[in-house]
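Below is one structure, written out as structure tokens; comments come after it.
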Amino acid sequence: MISAHDLSPAQLAALLAFHADAGVEWLLEEEPVDRFAEFEAMKAARGNARAAAVSSRAEAPAAQPAARQPATAAAPAPSRAPAPAANAPAVAIPDAQAIEEARFAAESARSLAELRVAMEGFAGCNLRNSARNLVFAEGDPASGIMIVGPMPYADDDRDGQPFAGRLGEMLTRMLSGIGLARETVLLSNVVPWRPPGNRVPTAREADICRPFIERQIALAEPKHLLLLGNFTARFFLGGSDTIHQLRGEWRELAIGGITVPTLATLHPQDLVTAPVNKRFAWQDLLAFKARIQG
């Protein structure tokens, strides 16, 4: 094991970033603990306690017969109700109830600010228990342009804003190539809490979060919508096609009582991991630019 004292500041920062990307959120012990030795000691202690109990029962004197009670003896006291178990686990909310509560909270919001407050108080999605921050929509709703990704990544979760860090820098370059700045569009994600380890959200998690992203779109009323990545495209457009099959084609998306011209393209992560995808994304961005300027 390498001690942190042997690492340079740059090496230590890289190690911490690696653990954060892997989903490690807390370091609970300052020194290593031998859990196997702890278990053996616990097992031995239980064996000693059991032997002592058996020995004490064997040495106890025989119980004397109970004295006969008169017929007029008072009735025995009613048995006491068992005490509630300590630290009882919280009852999980059924999926249907969580979705209904999310829908009610979303529909009750009359502005993006109210929606953010409602989402901060919503406890029906398990992802908020492991995430550091709620990552809400950011940017200019009045621009008429909304860009939606799948979920927050580690940098987004740390900073509490969509498309932070390296992926945010890639998105900034993508937008600047067609004359847009991230401050002049509205950025958001389908799921507002980071899944542990950057895993893909489950179908249950996506269903619970659907009322929130649909309400964001309805309140922002964008004139053009850009979907980033495989998960996002499938979430809104349905089916099981990949982003390479769904990208580059304009569709009319009916959502929240409005119809929005929608284009799907690759996520900045797709460009970072496979630079060959940049040419496909560039084609889509040029099509997006032509539409918003037309």
Side-chain angles (χ1 to χ4, degrees), residues 111-113 115-116 135-153 155-156 161-192 212-239 241-294:
S111 66
L112 288 174
L115 181 59
R116 176 169 191 151
V135 180
F136 192 70
E138 180 180 275
D140 183 12
S143 66
I145 299 173
M146 187 169 183
I147 300 176
V148 181
M151 62 185 188
Y153 286 80
D155 291 328
D156 311 337
Q161 65 178 121
F163 298 99
R166 182 175 60 166
L167 299 184
E169 294 173 358
M170 176 62 74
L171 178 62
T172 298
R173 292 197 294 269
M174 293 168 66
L175 295 176
S176 64
I178 57 172
L180 295 175
R182 62 175 292 149
E183 296 81 10
T184 61
V185 300
L186 185 64
L187 303 176
S188 190
N189 286 295
V190 171
V191 173
F212 295 129
I213 184 59
E214 291 187 346
R215 189 59 177 162
Q216 288 180 54
I217 296 173
L219 291 171
E221 296 183 338
K223 296 180 175 61
H224 299 92
L225 187 62
L226 185 64
L227 309 179
L228 301 180
N230 197 64
F231 176 85
T232 313
R234 287 179 176 176
F235 178 86
F236 284 107
L237 304 178
D241 291 340
T242 67
I243 187 59
H244 287 280
Q245 296 168 305
L246 296 170
R247 54 160 287 270
E249 180 182 345
W250 282 98
R251 295 170 173 82
E252 297 294 319
L253 182 64
I255 190 167
I258 62 174
T259 300
V260 189
T262 302
L263 184 72
T265 190
L266 293 107
H267 191 276
Q269 179 67 55
D270 301 325
L271 279 58
V272 170
T273 56
V276 69
N277 286 324
K278 291 182 179 180
R279 62 191 181 100
F280 301 118
W282 180 239
Q283 294 171 4
D284 299 338
L285 291 171
L286 290 177
F288 192 75
K289 177 182 179 181
R291 184 66 175 259
I292 63 179
Q293 292 181 346

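- Side-chain atoms of D156 never come within 3.5 Å of backbone atoms of P162 as a donor-acceptor pair (strictly under, hydrogens ignored).
- In this structure the side chain of L228 reaches within 4.5 angstrom of the side chain of F163, judged on heavy atoms.
- A donor-acceptor pair under 3.5 Å links the side-chain atoms of N277 to the main chain of D270, judged by distance alone.
- Taking 4.5 Å as the limit, some side-chain heavy atom of T273 sits within range of a side-chain heavy atom of Q269.
- In this structure, the side chain of S176 engages the main chain of T172 through a donor-acceptor pair within 3.5 Å.
- In this structure, T184 contributes its side chain and R182 its backbone to no donor-acceptor pair below 3.5 Å.
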Test side chain to side chain contact (heavy atoms under 4.5 Å, CB included) applied to T242 and R234, step by step: CA-CA 8 Å; T242 67; R234 287 179 176 176; 4.2 Å; yes
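- A donor-acceptor pair under 3.5 Å is absent between the side-chain atoms of T232 and the main chain of L227, judged by distance alone.
- Between L186 and P222 there is no side-chain heavy-atom pair separated by less than 4.5 Å.
- The distance from atom CG of L226 to atom CE of M146, rounded to the nearest 0.5 Å, is 11.5 Å.
- Atom CG of L237 sits about 6.0 Å away from atom CG of L246, to the nearest 0.5 Å.
- Using a 4.5 Å heavy-atom threshold, the side chains of D140 and V185 count as separate.
- For Q293 (side chain) and A290 (main-chain N/O), no donor-acceptor pair under 3.5 Å exists by modelled atom type.
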Step-by-step side chain to side chain contact (heavy atoms under 4.5 Å, CB included) determination, F231 to I243: CA-CA 8 Å; F231 176 85; I243 187 59; over 6 Å; no
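- For the pair F212/V191, no side-chain contact is recorded, criterion being any heavy-atom separation below 4.5 Å from C-beta on.
- Under the 4.5 Å side-chain criterion, counting only non-hydrogen atoms from C-beta, T262 is not in contact with F236.
- One finds the CE atom of M174 at 11.0 Å from the CZ atom of F288 (value rounded to the nearest 0.5 Å).
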Trace of the side chain to side chain donor-acceptor pair (under 3.5 Å) decision for S188 with Q216: CA-CA 9 Å; S188 190; Q216 288 180 54; 2.6 Å; yes
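- The CG atom of L167 lies 6.5 Å from the OH atom of Y153; values are rounded to the nearest 0.5 Å.
- With salt bridges taken as basic N to acidic carboxylate O contacts below 4.0 Å, one links E249 and R251.
- Between D284 and the choices R291, R279, R247, the salt bridge (charged side-chain N to carboxylate O under 4.0 Å, His left out) rule is met once, by R247.
- The shortest distance between side-chain heavy atoms of N189 and V148 does not fall below 4.5 Å.
- The CG atom of L266 sits 9.0 Å away from atom CG of N230, with the distance rounded to the nearest 0.5 Å.
- Note that the CG atom of L187 and the CG atom of L171 stand 6.0 Å from one another [nearest 0.5 Å].
- Residues V190 and P150 are not in side-chain contact: their nearest non-hydrogen atoms beyond the backbone lie 4.5 Å or more apart.
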T259 and L253: CA distance, side-chain angles, deciding distance, side chain to side chain contact (heavy atoms under 4.5 Å, CB included) verdict: CA-CA 5 Å; T259 300; L253 182 64; over 6 Å; no
